[in-house]
Protein chains: 2
Amino acid sequence: MTNPAPRLRPDFRRFLVRAGLRPTRQRAALAEMLFKGDRHVTAEELHMEATASGSRISLATVYNTLHHFRQAGLVRELAIEGQRTYFDTNTSNHNHFYFEDRHDVVDIPDNEIGLSNLPRAPEGYEIAHIDVVIRLVPKRQTTTKI
Amino acid sequence: MTNPAPRLRPDFRRFLVRAGLRPTRQRAALAEMLFKGDRHVTAEELHMEATASGSRISLATVYNTLHHFRQAGLVRELAIEGQRTYFDTNTSNHNHFYFEDRHDVVDIPDNEIGLSNLPRAPEGYEIAHIDVVIRLVPKRQTTTKI
DNA sequence: CTGTGTGCAAACTCTTTGCATAAGT
DNA sequence: ACTTATGCAAAGAGTTTGCACACAG
């Protein structure tokens, strides 16, 4: 609670500044959590994680920050499951597994899925992104009865 | 109370019965709207459409019915955009265009997209479905300024 | 008749917003 | 100092649920 030295990691400050965002303590904390690797989080998850690790950040700020990050091109928004919105820190072209039982999103490792015979974009439109989601369910046992 | 002849289209009654659903007036009306072709609707859209065409159905019943239809395998649920849930009357394997400006989903015509180099499902899981969504944005004019 | 479906309104979840306060430059 | 971000609580969208009444078998 004292917090004598705000300990903003200078690297994340610069990271934010270069992205055109004012480097506040909250943003630096979230950036630090997010950009240590490829992650897929909901706002709520990130908020809980921040709280757990001692950062005092409101949920509204987590939402605001994620949207700022999205506008700055630092994260991508994934629509994978009804209500929940996932944010993906890997903004490059890649695909996802979605574990329907665990509500978990993971990148498909290395394996570049090839897409062939793609349609042309309709008149007046261009392709912004192609999302491929492989939805997974627990494998049925061979001993299934019914 | 009046309602002398309920005018349930017999074909949709049978359709529902075969799907294991009790053929109520509301369900028949919704089935008739839905299954005349391949459609992508939200509950709200379907409710408005039903209301507009004179059927008195509550939004809650539309939701209930869509979920019953899904459980019966008559429609598929699409997670394409944050909040809104789309229901697709085409339950076969096919892919979608999503017009981000108009919030509109359409089947990709004929064109079977080929997927190659697919990863194996992780241990203990099997692939339930592969969703491919091509997200479209209006084409930038060549005269774009900024 | 018996049981399931429907309608309504209230509850719920996730997300956004308005405004006073706090923090960054 | 000036501007922008934050926190809170309230509002908002979309969806679900509980319960009394209505309808199908």
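Sequence lines set the chain letters: A, B, ... in the order given, protein chains first and strands last, and positions in each chain run from 1.
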> For Arg22(B) and for Tyr63(A), locate the closest nucleotide of DNA chain C by heavy-atom distance; then report the residue assigned to the nucleotide nearer the 5' terminus.
Arg22(B)
> How is His47(B) classified with respect to the nucleic acid when contacts are heavy atoms under 4.0 Å: base, sugar-phosphate, or nothing?
nothing
> Would you say a side-chain N or O of Thr65(B) is under 4.0 Å from OP1 or OP2 of dG5(C)?
no
> Using modelled atom types and a 3.5 Å cut-off, is there a donor and acceptor pairing between side-chain atoms of Arg135(A) and backbone atoms of Ile80(A)?
yes
> Take Val17(B) and Asn64(B), find for each the nucleotide of DNA chain D with the closest heavy atom, and name the residue whose nucleotide sits nearer the 5' end.
Asn64(B)
> If the cut-off is 4.0 Å, is His67(B) near the phosphate of dT15(D), judged by side-chain N/O to OP1 or OP2?
no
> Which part of the nucleic acid, if any, lies within contact of Thr42(A), taking any heavy atom under 4.0 Å across all strands shown: a base, the sugar-phosphate backbone alone, or nothing?
nothing
> May I have the step-by-step check of side chain to side chain contact (heavy atoms under 4.5 Å, CB included) for Glu81(B) and Tyr98(B), ending in yes or no?
CA-CA 9 Å; Glu81(B) 201 218 12; Tyr98(B) 181 63; 3.1 Å; yes
> Within the structure shown, what part of the strands sits under 4.0 Å from Ile57(B) by heavy-atom distance: base, sugar-phosphate, or nothing?
sugar-phosphate
> So does Arg25(B) get a side-chain nitrogen or oxygen closer than 4.0 Å to the phosphate oxygens (OP1/OP2) of dA22(D)?
no
> Report yes if at least one side-chain N or O of Gln26(B) is closer than 4.0 Å to OP1 or OP2 of dG7(C); otherwise report no.
yes
> Does Ser58(B) or Glu77(A) map to a spot on DNA chain C nearer the 5' end, using the closest nucleotide for each?
Ser58(B)
> Measure from the side-chain N and O atoms of Thr65(A) to the backbone N and O of Thr61(A), and report whether any donor-acceptor pair falls under 3.5 Å.
yes
> Compare side-chain N and O positions of Thr24(B) against OP1 and OP2 of dT4(C) and report whether any pair is under 4.0 Å apart.
no
> Report yes if at least one side-chain N or O of Arg56(B) is closer than 4.0 Å to OP1 or OP2 of dC8(C); otherwise report no.
yes
> Would you call Asp131(A) and Arg76(A) a salt bridge, taking side-chain N to carboxylate O under 4.0 Å as the test?
yes
